[in-house]
Amino acid sequence: MKRYVIAKYIRLSLEDTKYDSLSIENQRLAIDTHIAGMPESDCAEILEFVDNGYSGTNFERPEVQRLIELVRSNRVDCIIVKDFSRFGRNSIETGYFIERVFPLFHTRFIAIGDGFDTDEHRGDTGGLEVAFKYLINEQYSRDMSIKCKSAKYAKMRRGEYQSKECIFGYRKGADGKLEPDPDQAPVVRLIFQLAASGMGFTEIAAELTRRKIPTPGEVKAAKGNGTYDVSRCNGRWNTSTVIRILDDERFLGHYVQGVHTVTEIGGHRHRKKAKNKWFFVPDHHEPIVDQELFDKAHEGQRRFKQANKKARNTPLCGKVICGCCKHALSFYPKKNPVYVCRVSRMDDTLLCNGFQIPVADVLNAVFTSVQQQLLVAGPPSSDGTPCLSLDDIRQPQYEDQVAAVMDLKRQLYEEYVAGVIDAGAFQKNKASLDETLGKIKSTFAAMKAKVEEKQTIQDRHQQRQRLLDDLQTEGTLSNELAEQIIDYITVYPDKQIVIVYKISDLL
């Protein structure tokens with residue numbers, strides 16, 4: 001017998017940490033207390049999903065996504081949250097899940113603080129009261145975002161440093177302003193001096209690597225900041241870090257903030273603002289380099305400009321990885337384009353130093369491999385039997401059999417009430433009918449499972465066939481097909497190519 005599954009969902013954003021009532025512990029306590037009073041909780045399986053530090057304005061949260069996937073797999077019977085705002089503050093998406101998705105999969109939804117239970121609102125949406133709560137939660141988030149942004153901009157106008165961590169080369173002084181870090185500032189000066197001496201970006205990165213100077217990411221990771229993944233760094237600098245340092249006017253002592261803005265409230269994407277909209281305060285803190293050295297470092301430096309972005313938009317863009325250093329290979333749009341391991345230029349001890357491979361060779365190898373994998377994946381049904389539709393077995397035969405047994409049970413009960421049979425005969429015959437009904441349901445469930453398995457095999461075959469037809473029609477690996485089929489490709493200096501597929505379940 002399938003156990004009743006109850007899912008507890010708890011969310012805490014950074015803003016919510018100001019309120020004790022919204023803490024994870026208090027949310028858990030409120031939900032556990034409610035579950036204890038539910039008759040379904042006696043033999044239920046309790047699952048817990050916690051998104052700590054995530055905004056409710058969107059559903060790009062790992063645990064809520066995992067919960068929704070379980071709902072779509074019919075593995076959750078009930079979801080309980082402290083209130084609507086914990087599940088989401090976006091009125092459209094929140095309403096969509098509660099009013100459309102959950103009822104479709106017969107999943108009960110309870111918001112304790114709002115007194116809402118979908119079992120009490122079958123056939124309706126909860127009325128205007130629920131709709132207004134959706135809108136209030138969303139408007140609260142928008143209003144809070146605007147207020148926080150206004151306060152932050154006010155501090156920027158006063159020249160107050162906003163970031164939690166200082167830029168590489170600086171630390172926060174006693175007055176809260178930036179001051180040169182005695183360990184990192186000499187590295188920044190060295191970078192400007194090397195650039196002023198005529199060294200290119202790649203040469204500077206290689207020299208810093210040769211001197212075994214820790215990268216900015218390694219410095220932050222050493223201070224306990226787990227945001228920076230330095231597992232592939234191994235002390236190797238890259239040109240983008242060097243360029244970023246050389247272009248940063250904060251090393252001249254200027255205050256520069258508000259360079260980027262998010263594209264939407266609650267989102268993570270951002271764009272660069274026009275320079276006249278930055279918050280700029282000259283001579284704000286002690287400089288690490290002077291203007292003369294800054295200007296000289298930029299003289300004669302060659303800047304790469306991507307004249308035609310479409311020329312670099314290859315089918316495997318960003319998917320080709322070096323097998324030695326595990327960094328993405330760079331695309332060089334020459335007459336015969338090649339993939340080059342730029343990272344290895346910083347460290348001549350790497351096996352991939354100077355490694356490059358023609359783009360055409362990689363594309364041809366991947367195209368051939370994908371085609372062969374799809375061809376040998378197998379027929380739609382391994383035993384040769386045709387795939388049935390669930391409609392062929394679901395109705396009406398099954399319902400007729402169940403209805404017939406239920407009629408017999410009603411007749412039996414009427415005979416017992418009328419005194420035609422005694423209690424013993426009633427119980428005996430009822431048990432026999434229940435057993436018959438159980439066999440009918442078991443037989444149908446087994447047949448349904450077999451048909452669903454065959455349908456899955458058939459669906460996979462049809463997907464493979466469509467991909468194969470598209471490949472043969474295109475004659476090459478297009479951008480759309482590559483995005484659909486390939487996760488990433490690892491290429492080794494000996495030209496060995498390992499492909500990781502997105503469609504591994506079809507192959």
Side-chain angles (χ1 to χ4, degrees), residues 202 205 229 231-232 234 236 238-240 304-380 382 456-507:
T202 303
D229 179 14
S231 58
R232 298 177 301 156
N234 296 323
R236 291 188 293 271
N238 57 59
T239 54
S240 60
F304 173 76
K305 289 188 177 180
Q306 192 171 308
N308 186 359
K309 290 186 178 181
K310 290 184 179 180
R312 301 172 62 85
N313 187 21
T314 63
L316 301 177
C317 182
K319 295 179 181 290
V320 186
I321 297 172
C322 175
C324 292
C325 63
K326 307 304 179 185
H327 285 80
L329 296 181
S330 299
F331 176 84
Y332 275 60
K334 305 192 299 185
K335 182 178 181 181
N336 295 311
V338 294
Y339 287 119
V340 176
C341 182
R342 294 179 59 192
V343 174
S344 65
R345 294 181 177 182
M346 318 309 165
D347 188 352
D348 55 12
T349 63
L350 292 173
L351 294 175
C352 52
N353 183 255
F355 168 56
Q356 64 180 36
I357 185 171
V359 173
D361 289 359
V362 178
L363 282 172
N364 291 336
V366 173
F367 176 81
T368 303
S369 176
V370 171
Q371 197 171 34
Q372 289 176 347
Q373 289 278 357
L374 291 172
L375 284 170
V376 302
S382 56
T456 299
I457 296 173
Q458 178 70 15
D459 291 343
R460 288 177 179 173
H461 171 73
Q462 291 175 349
Q463 290 181 51
R464 287 195 297 267
Q465 193 59 49
R466 281 196 296 269
L467 289 173
L468 190 57
D469 292 342
D470 290 341
L471 279 172
Q472 292 173 343
T473 301
E474 296 282 348
T476 186
L477 194 66
S478 65
N479 290 42
E480 293 76 14
L481 286 172
E483 185 59 35
Q484 187 177 356
I485 297 172
I486 306 298
D487 190 2
Y488 64 90
I489 299 164
T490 304
V491 182
Y492 295 86
D494 61 359
K495 306 299 176 66
Q496 178 189 357
I497 298 175
V498 179
I499 305 171
V500 177
Y501 294 97
K502 286 183 177 178
I503 57 168
S504 56
D505 58 323
L506 299 181
L507 303 178

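Values reported hereafter were calculated over all heavy atoms of this structure, with side chains retained and with hydrogens, waters and symmetry mates removed.
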### Summary
In short, Cys352 meets Cys325 closest at the heavy-atom pair SG-SG, 4.1 Å

### Query
Quick check: are there more than 12 heavy atoms from other residues, nucleotides or ligands sitting under 6.0 Å from OH of Tyr488?
no

#### Entry: Note, Leu329 side chain near Phe355 side chain (heavy atom, < 4.5 Å)
yes

### Task
Determine whether Ile489 and Val366 make a side-chain contact, defined as any pair of heavy atoms from C-beta on separated by less than 4.5 Å.
yes

### Query
Of the non-hydrogen atoms in Val362 and Ile497, which two are nearest, and what is the gap between them?
CA-CD1, 4.2 Å

### Task
Measure from the side-chain N and O atoms of Thr368 to the backbone N and O of Asn364, and report whether any donor-acceptor pair falls under 3.5 Å.
yes

### Message
Show the nearest heavy-atom pair for residues Ile486 and Lys502, with the distance to one decimal.
### Response
O-CE, 3.4 Å

## Note on the structure
d(Ile485 CD1, Lys319 NZ) to nearest 0.5 Å is 10.5 Å

### Query
Taking only residues two or more places apart in sequence, or in another chain, which ones meet Tyr492 in a side-chain contact (heavy atoms from CB on, under 4.5 Å)?
Lys326, Thr490, Asp494, Gln496, Val498

### Ile321 CD1 to His327 NE2 distance, which is reported to the nearest 0.5 Å
10.5 Å

### Query
Taking the side chain as C-beta and beyond, is there a heavy-atom pair between Phe331 and Pro337 under 4.5 Å?
yes

### Query
Does a side-chain heavy-atom distance below 4.5 Å link Leu316 with Tyr339?
yes

